[in-house]
There are 2 protein chains.
Amino acid sequence: MVEEGLEAKVERFRAGLREIERAVRARTRSEALCCGVTVAQCHAITEIGEAGELTLKELAARLGLDASTLSRTVEGLVREGLAARTPALRDRRAVQIALTGKGRTALDRIQSTWGDICAEMLRGLPPEKSEALVASVALAARTLAGCCPGECGTGGPGGRAQER
Amino acid sequence: MVEEGLEAKVERFRAGLREIERAVRARTRSEALCCGVTVAQCHAITEIGEAGELTLKELAARLGLDASTLSRTVEGLVREGLAARTPALRDRRAVQIALTGKGRTALDRIQSTWGDICAEMLRGLPPEKSEALVASVALAARTLAGCCPGECGTGGPGGRAQER
DNA sequence: CTTTTTTAGTTGCTATATACAATTATTGTA
DNA sequence: TACAATAATTGTATATAGCAACTAAAAAAG
């Protein structure tokens, strides 16, 4: 059903995505260790930093994680003085989360590490190629995130995973 | 230190990589659930399937994880009849790991799901663009995986992460 | 304005994922 | 043969994550 040649491309594409996932994960881990934070904290710091200030719910939505998970992650950040939780003015149920000075320092370090890696990658390319690379990655990200996240179809072979 | 305009590209690039990581993770999770396996099992199945047969050590190296982790993951696959462990002939310490028929069925399903997603993404593009996308992703993967995985530099702000 | 429902966050519990250290069996080497 | 290196497993600890139950607050119904 797919045109000639697409299959092979799909295979390479898929392999590339898996490698990216792995590499990004590994790099995030070592970087987090360097900065003295956990991986989850690293992700949270990045998002909080980008947003400036947001509620727990917003943060959870951005990261695609459960609020309870983020509640604990933020708890850790607060405990270590990297983020501050202040009750929201307009809704006393909500909390506003923002980075402290120390948190911003950590963010700077995370960003510069990643910036170096990415710059290194882009610097090796002529401008039009690097532009194409950036655009492609953005496209892949958007498409992956977008299309039908909850489909499942075709009741498969497995059954449930863990029986205990 | 970087030429004009590169900074902005780096920012977009970095954001794209993070989104890809997140999307791939989310998709892998839902797909794993559908197939009745865990995420870790899903990764392992894919690698075992690609290799045909390999030792635990090789599998761990490919996935960039500790052997003990893979030992348990494979234990689960074996328990559920998705993989088989046979003692290696030339080295009785080692085990050869391969998929069973059921494991191959699961792999087929995982691959076809991913194939559909990737094909969907590529089909929307003219051939030269899709080729560029695939090449870009491969480049990004290679570069990310390659360059200096263990550097750390600049003793940062944090200290250790969790003090308890 | 009270009652009901919805929402934001936290906490208890559980499962998954992972690493490091110690152990065992085996292989290779001095 | 004694000793060092290696492949796998197991013990233990931690991080990550979701769901369910709960609390407090806000919003909607009446």
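Chain identifiers are assigned alphabetically (A, B, ...) following the order of the sequence lines, protein sequences preceding nucleic acid strands; residue numbering begins at 1 within each chain.
- The minimum heavy-atom distance between A:A141 and B:G16, with the atom names listed, is CB-O, 3.7 Å.
- For A:T38, the side-chain atoms get nearest to D:dA15 when compared with the rest of D:dA15, C:dT7, C:dA19.
- Ionic pairing of A:E31 and A:R109 is not present here: no N-O contact between side-chain nitrogen and carboxylate oxygen is shorter than 4.0 angstrom.
- Between the P atom of C:dA17 and the CZ atom of A:R22 lies a distance of 15 Å, rounded to the nearest Å.
- If you take CG of B:L70 and P of C:dC20, they are 14 Å apart, rounded to a whole angstrom.
- Under the 4.0 Å criterion applied to side-chain N and carboxylate O atoms, A:R18 and B:E50 are assigned as salt-bridge partners.
- Of the candidates D:dA8, C:dT18, D:dA17, the closest approach to any side-chain atom of A:R29 belongs to C:dT18.
- With respect to A:L77, the side-chain contact (heavy atoms from CB on, under 4.5 Å) criterion is satisfied by exactly one of A:R72, A:Q41, A:K102: A:Q41.
- Nearest to the side chain of A:L65, among D:dT9, D:dA17, D:dT16, sits D:dA17.
- B:L59 has its CG atom 14 Å from the C1' atom of C:dT18, to the nearest Å.
- Nearest-nucleotide assignment on DNA chain C puts the 5′-proximal partner with A:E75, out of A:E75 and A:R25.
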Please list, pair by pair, any protein nitrogen or oxygen found under 3.5 Å from a nitrogen or oxygen in nucleotides 20-27 of chain D.
from, atom 1, to, atom 2, distance (Å)
D:dA26, OP1, A:R92, N, 3.0

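- Contacts of A:T55 with the nucleic acid, taken as non-hydrogen atoms under 4.0 Å apart, involve only primed sugar atoms and P, OP1 or OP2.
- Following rounding to the nearest Å, B:L54 (CG) and D:dA7 (P) show an atom-to-atom distance of 14 Å.
- One can place NZ of A:K57 at 7 Å from P of C:dT7, the figure rounded to the nearest angstrom.
- Rounded to whole angstrom, the span from the NE2 atom of A:H43 across to the C1' atom of D:dA15 amounts to 13 Å.
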Counting only pairs under 3.5 Å, give me each side-chain donor-acceptor contact of residues 130-139 of chain B, with atom names and distances, residues two or more places apart or in other chains.
from, atom 1, to, atom 2, distance (Å)
B:S130, OG, A:K9, NZ, 2.9
B:S130, OG, B:P127, O, 2.9
B:E131, OE1, A:R12, NH2, 3.1
B:E131, OE2, A:R12, NH2, 3.3
B:S136, OG, B:A132, O, 2.8

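- Contact check, A:T69 against D:dA17: no side-chain N or O comes under 4.0 Å of OP1 or OP2.
- Taking atom CG on B:L77 and atom P on D:dA8, their separation rounds to 15 Å, with Å as the unit.
- Contact detail for A:G36 and A:E80: the closest heavy-atom pair is O-OE1, 4.4 Å.
- B:R79 has its CZ atom 13 Å from the P atom of D:dT9, to the nearest Å.
- The pair B:R22-A:E47 meets the salt-bridge criterion, since a charged nitrogen lies less than 4.0 angstrom from a carboxylate oxygen.
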